[in-house]
S.K.: 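Encoded as structure tokens, here's the structure I'll be asking about.
Excluded from the calculations below are hydrogen atoms, water molecules and symmetry mates; all remaining heavy atoms, backbone and side chain alike, are included.
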Amino acid sequence: MRLIILGGAGAGKRTQAQRLSSCLSIPWISTGDILRDAIATVTPLGKQAQTFVAKGELVPDEIMIEFMRQRLLLPDVANGWILDGYPRTAFQAEELDFLLEDLGQQLNWAIWLDVPQSVLEVRCLKRGLIDDRLDIIQRRIQLFQERTLPILDYYGYRQRLLSIDGEQTPDRVQQNILEKISQTAVS
């Protein structure tokens, strides 16, 4: 099973990715963690990403695609994975499809956690990550709406999009995801 979790900052992507990883026995790949680790250990890609992350900007596509290429070549993802935080643009989604084709893999589902902007802001402020200041959160949400929402059309057109009400409890969100995955696997 190869899955992508989509949603704005604070939508519950990390929570659901962790839960699905455990439930489906597939590795969880958090691009936020990959970026933070690369920045903290001052890798060449991490240095390039740092200037964008510090301003709340999206890391450029060519840098993110290289991060994903490096990660998806590791042996632990041979039988599946769940991506959290990538792709974030329709271009990245297309590049990911090309990469997966090169690797002989195929995406099963992009899972959209639909949460209103006001709820995203409150959730981000409560979680208290180092880069969760209101100005950066609002900038991330603005960028998400401008650049990321077209990805829903990309996956919708390819019939790879599952839409989930992300305002529910984490347990209910997980239950809805698993129900939709199992329904589509049967049909």
S.K.: Could you tell me whether the side chain of Leu178 reaches within less than 4.5 Å of the side chain of Gln174, counting heavy atoms only?
M.R.: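 A side-chain contact under 4.5 Å exists here.
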S.K.: How far does CG of Leu96 sit from CD of Glu101, to the nearest 0.5 angstrom?
M.R.: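 The CG atom of Leu96 sits 11.5 Å away from the CD atom of Glu101.
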S.K.: So with a 6.0 Å cut-off around CG of Asp102, is the heavy-atom count from everything else above 12?
M.R.: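 Yes, CG of Asp102 has more than 12 neighbouring heavy atoms, counting only those of other groups under 6.0 Å.
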S.K.: Give the C-alpha distance, both sets of side-chain angles, the deciding distance and a yes or no for salt bridge (charged side-chain N to carboxylate O under 4.0 Å, His left out) between Asp61 and Arg88.
M.R.: CA-CA 9 Å; Asp61 290 335; Arg88 292 199 175 194; over 6 Å; no
S.K.: Could you go through the side-chain contact (heavy atoms from CB on, under 4.5 Å) check for Leu73 and Leu103 one step at a time?
M.R.: CA-CA 8 Å; Leu73 286 171; Leu103 299 175; 3.5 Å; yes
S.K.: Do Val122 and Ile141 belong to the same hydrophobic cluster, where Ile, Leu, Val, Met, Phe, Trp and Tyr are linked whenever their side-chain heavy atoms lie under 4.5 Å apart, directly or via other members?
M.R.: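 As far as the 4.5 Å side-chain criterion goes, Ile141 and Val122 are not connected within one cluster.
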S.K.: Do the side chains of Ile26 and Asn79 get nearer than 4.5 Å, heavy atoms only?
M.R.: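 No, their side chains stay 4.5 Å or more apart.
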S.K.: Mind checking the CZ-OG1 spacing from Arg36 to Thr31? Nearest 0.5 Å is all I need.
M.R.: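 Going from the CZ atom of Arg36 to the OG1 atom of Thr31 covers 8.5 Å.
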S.K.: Any donor-acceptor pair under 3.5 Å linking the side chain of Arg123 with the backbone of Ala11?
M.R.: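 Present.
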S.K.: Give a yes or no on whether the backbone of Ile5 and the side-chain of Gln16 come within a donor-acceptor separation of less than 3.5 Å.
M.R.: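 No, the answer is negative, given that no donor and acceptor are paired below the 3.5 Å cut-off.
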S.K.: So, do Leu161 and Trp109 sit near enough that their side-chain heavy atoms are less than 4.5 Å apart?
M.R.: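 Not in contact.
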S.K.: Look up atom CH2 in Trp81 and atom CG in Asp76, then write down how far apart they are to the nearest 0.5 Å.
M.R.: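 So the gap between those two atoms works out to 12.5 Å.
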S.K.: Run the numbers on Val59 and Leu35 for side-chain contact (heavy atoms from CB on, under 4.5 Å), then give the verdict.
M.R.: CA-CA 9 Å; Val59 175; Leu35 283 172; 4.0 Å; yes
S.K.: If you measure from CD1 on Ile82 to OG on Ser21, what distance do you get to the nearest 0.5 Å?
M.R.: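 With rounding to 0.5 Å, CD1 (Ile82) is 7.0 Å from OG (Ser21).
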S.K.: Do Arg139 and Arg133 pass the side-chain contact (heavy atoms from CB on, under 4.5 Å) test, and can you show the C-alpha distance, the side-chain angles, and the key distance before you say yes or no?
M.R.: CA-CA 10 Å; Arg139 178 68 178 144; Arg133 295 189 333 254; over 6 Å; no
S.K.: Rounded to the nearest 0.5 Å, how far does CG of Leu120 lie from CD of Gln138?
M.R.: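 So the CD of Gln138 and the CG of Leu120 are separated by 11.5 Å.
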S.K.: Where the side chain of Ser22 meets the backbone of Arg19, is there a donor-acceptor pair that is under 3.5 Å apart?
M.R.: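 Here the side-chain-to-backbone pair does not exist.
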S.K.: Side chains of Gln117 and Glu121: any donor to acceptor distance under 3.5 Å?
M.R.: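 Judged by distance alone, the side chains do pair up.
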S.K.: Ignoring hydrogens, what is the shortest heavy-atom contact between Cys124 and Gly10? Give both atom names and the distance.
M.R.: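 So the two residues come closest at SG-N, 3.7 Å.
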S.K.: Scan Ile151, Ile164, Leu162 and name whichever one has a side chain to side chain contact (heavy atoms under 4.5 Å, CB included) with Leu6.
M.R.: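 Per the side chain to side chain contact (heavy atoms under 4.5 Å, CB included) rule, the option paired with Leu6 is Ile151, out of Ile151, Ile164, Leu162.
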S.K.: Would a 4.5 Å heavy-atom cut-off, applied to side chains only, mark Leu45 and Phe67 as touching?
M.R.: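 Result yes, sub-4.5 Å side-chain heavy-atom pair found.
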S.K.: If the condition is side chain to side chain donor-acceptor pair (under 3.5 Å), which residues does Arg172 pass it with, not counting sequence neighbours?
M.R.: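 Partners of Arg172 under the side chain to side chain donor-acceptor pair (under 3.5 Å) test: Gln175, Asn176.
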S.K.: Do Ile34 and Arg71 have side chains that get closer than 4.5 Å, going by heavy atoms?
M.R.: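 The answer is yes, as the side chains (C-beta and beyond) meet within the 4.5 Å cut-off.
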S.K.: Who are the ring pair (Phe, Tyr, Trp, His ring centres under 6.0 Å) partners of Trp28, not counting sequence neighbours?
M.R.: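 For Trp28 there are no ring pair (Phe, Tyr, Trp, His ring centres under 6.0 Å) partners, ignoring immediate neighbours.
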S.K.: Between Lys180 (side chain) and Ser163 (backbone), is there a donor-acceptor pair under 3.5 Å?
M.R.: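 Present.
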S.K.: Decide yes or no for Ile181 and Asn108: does some side-chain heavy atom of the first lie under 4.5 Å from some side-chain heavy atom of the second?
M.R.: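 Heavy-atom side-chain distance check fails, nothing below 4.5 Å.
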S.K.: Indicate yes or no for a side-chain donor-acceptor contact from Arg158 to the backbone of Tyr154 under 3.5 Å, with no hydrogens or angles considered.
M.R.: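 Yes, because the side chain of Arg158 sits within donor-acceptor range (under 3.5 Å) of the backbone of Tyr154.
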S.K.: Give a yes or no on whether the backbone of Asp165 and the side-chain of Gln168 come within a donor-acceptor separation of less than 3.5 Å.
M.R.: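 Here the side-chain-to-backbone pair exists.
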S.K.: Would a single hydrophobic cluster contain both Met68 and Leu74, if residues Ile, Leu, Val, Met, Phe, Trp and Tyr are joined by side-chain heavy-atom contacts under 4.5 Å?
M.R.: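 Shared cluster, no.
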S.K.: Roughly how far apart are Leu72 CG and Tyr86 OH, rounded to 0.5 Å?
M.R.: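 One finds 9.0 Å between CG of Leu72 and OH of Tyr86.
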S.K.: Counting distance only, does the side-chain N/O of Arg2 pair as donor-acceptor with the main-chain N or O of Leu107 below 3.5 Å?
M.R.: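 Flag not set: sc Arg2 to bb Leu107 has no pair under 3.5 Å.
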S.K.: Please check: side-chain N/O of Lys13 versus main-chain N/O of Gly8, any donor-acceptor pairing under 3.5 Å?
M.R.: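 Here the side-chain-to-backbone pair exists.
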